[in-house]
Amino acid sequence: MTTLPDHTEKKLGLVIDLDTCVGCHACVTACKGWNTENYGVALSDNDAYGGDPVGTFLNRVHAFEVQPSNGAAQTIHFPKSCLHCDDAPCVTVCPTGASYKRVEDGIVLVDEDACIGCGLCAWACPYGARELDQSAGVMKKCTLCVDRIYNENLPEEDRVPACVRTCPAGARHFGDFSDPESNVSRLTAERGGMDLMPEQGTKPVNKYLPPRAKDRLTADTTAPQLKPVADSPKGFLAWLDKTLEAL
């Protein structure tokens, strides 16, 4: 089995703001595009336009309707991908060492050459964040765009995961959680960033910012009824009215 490092030099990860995510799936398509053309085996799609399409995605957006105790129902869009856990069970269960956590930045990756497609890591992950690529027979997962964030051929503003770069609502943030002054650390502290399913004990690096309380209007804001400007139509409308009545 694979062992986890005692420590990592950095803790790179994402902060996802559930208050501003609009569920547009731009992050999903950007992730699919980048990871199909770059790192590892391309993400497959089988029968994409048929009656039973099957495909591999590293990031998905779920939508839930919630009913707060003191407010109206609202829809929450919930993006989910690998959380790059400090105590990642997907790593320790791997029989070949294909799943591993990097010491230099804490990113959890899969060595696809060593992966035998046994699926044990997918069973061990409590978040359902791993997908077996049916065409390639290897396990796929979010890499935090490791081939992008260190690519010096890209402009500096592009050296972030594709999902972060493409989010039109600014709901996704990337940074180093080991630095208390980083953007992700400050957002987590200021907005009460949460772990996903903390009872699992996996210590996920990625955090979620909870939706903020929505303003509620107590006054009647409906538009007043307008008085008609004429009791009967005139001009062209009068002609049209008579013509339609004659039909």
Side-chain angles (χ1 to χ4, degrees), residues 1-17 31 34-35 38-40 58-59 79-116 118-131 138-152 154 156 159-165 172-210:
M1 302 296 179
T2 314
T3 57
L4 289 162
D6 294 332
H7 72 284
T8 60
E9 296 171 9
K10 292 184 178 180
K11 293 177 64 174
L12 297 184
L14 302 174
V15 165
I16 299 174
D17 191 344
C31 172
W34 180 265
N35 287 284
N38 294 280
Y39 182 89
L58 310 187
N59 179 49
K80 181 170 65 65
S81 58
C82 174
L83 297 151
H84 300 277
C85 305
D86 282 339
D87 192 5
C90 60
V91 170
T92 55
V93 78
C94 180
T96 67
S99 290
Y100 64 100
K101 188 174 181 68
R102 297 181 7 147
V103 173
E104 58 267 39
D105 51 25
I107 299 176
V108 176
L109 293 176
V110 176
D111 180 352
E112 295 180 5
D113 291 331
C115 178
I116 59 175
C118 66
L120 285 176
C121 58
W123 283 99
C125 175
Y127 308 110
R130 291 191 170 217
E131 296 198 11
V138 296
M139 194 60 65
K140 305 292 290 189
K141 63 175 295 298
C142 165
T143 67
L144 282 181
C145 291
V146 68
D147 54 338
R148 179 185 176 106
I149 60 177
Y150 295 113
N151 189 344
E152 296 183 355
L154 294 175
E156 187 173 355
R159 296 177 204 166
V160 294
C163 62
V164 174
R165 186 69 173 116
R172 304 176 74 93
H173 307 268
F174 171 70
D176 181 9
F177 285 92
S178 68
D179 178 6
E181 296 303 317
S182 69
N183 62 324
V184 290
S185 294
R186 286 187 283 105
L187 275 170
T188 301
E190 293 169 3
R191 292 276 309 280
M194 307 178 300
D195 287 349
L196 180 60
M197 297 164 60
E199 69 277 4
Q200 295 295 325
T202 60
K203 302 175 184 176
V205 173
N206 289 6
K207 308 297 180 187
Y208 287 91
L209 303 182

Considering only NZ, NE, NH1 and NH2 on the basic side and carboxylate oxygens on the acidic side, decide whether K207 and D195 come within less than 4.0 Å.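 So K207 pairs with D195 through a salt bridge.
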Presence of salt bridge, E152 and R159, under 4.0 angstrom: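 No.
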Within-4.5 Å side-chain heavy-atom neighbours: [X] and [Y]:
X	Y	answer
K140	L58	yes
D86	K11	yes
Y100	L109	yes
C163	L14	yes
N35	T143	yes
C85	Y127	yes
R102	K10	no
C115	T96	no

Test L83 against T202 for side-chain contact (heavy atoms from CB on, under 4.5 Å), laying out the working first. CA-CA 9 Å; L83 297 151; T202 60; over 6 Å; no
Heavy-atom neighbours of E199 CD exceed 12 at 6.0 Å: yes
Stepwise, does the side-chain contact (heavy atoms from CB on, under 4.5 Å) test hold for R172 with N59? CA-CA 12 Å; R172 304 176 74 93; N59 179 49; 3.9 Å; yes
Value for OG1 (T188) from CG (N206), rounded to nearest 0.5 Å, stands at 9.5 Å
Closest heavy-atom contact between G192 and P210? O-CD, 3.5 Å
Specify the closest pair of heavy atoms between S99 and V110, including all atoms of both residues, with the distance to one decimal.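 Residues S99 and V110, closest heavy atoms: OG-CG2, 4.0 Å.
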Please evaluate residues L12 and I149 with respect to the criterion side-chain contact (heavy atoms from CB on, under 4.5 Å), reporting the C-alpha separation (whole Å), side-chain torsions for both, the decisive distance (0.1 Å), and the verdict. CA-CA 10 Å; L12 297 184; I149 60 177; 4.0 Å; yes
When you measure from the side chain of S182 to the backbone of S185, do you find a donor-acceptor pair of N or O atoms at a distance under 3.5 Å?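 Looks like yes, one N/O pair under 3.5 Å.
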Taking H84's backbone N and O only, do any of them form a donor-acceptor pair with K101's side chain (distance below 3.5 Å, no angle check)?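 Indeed, once roles are kept as given, a pair shorter than 3.5 Å links the two residues.
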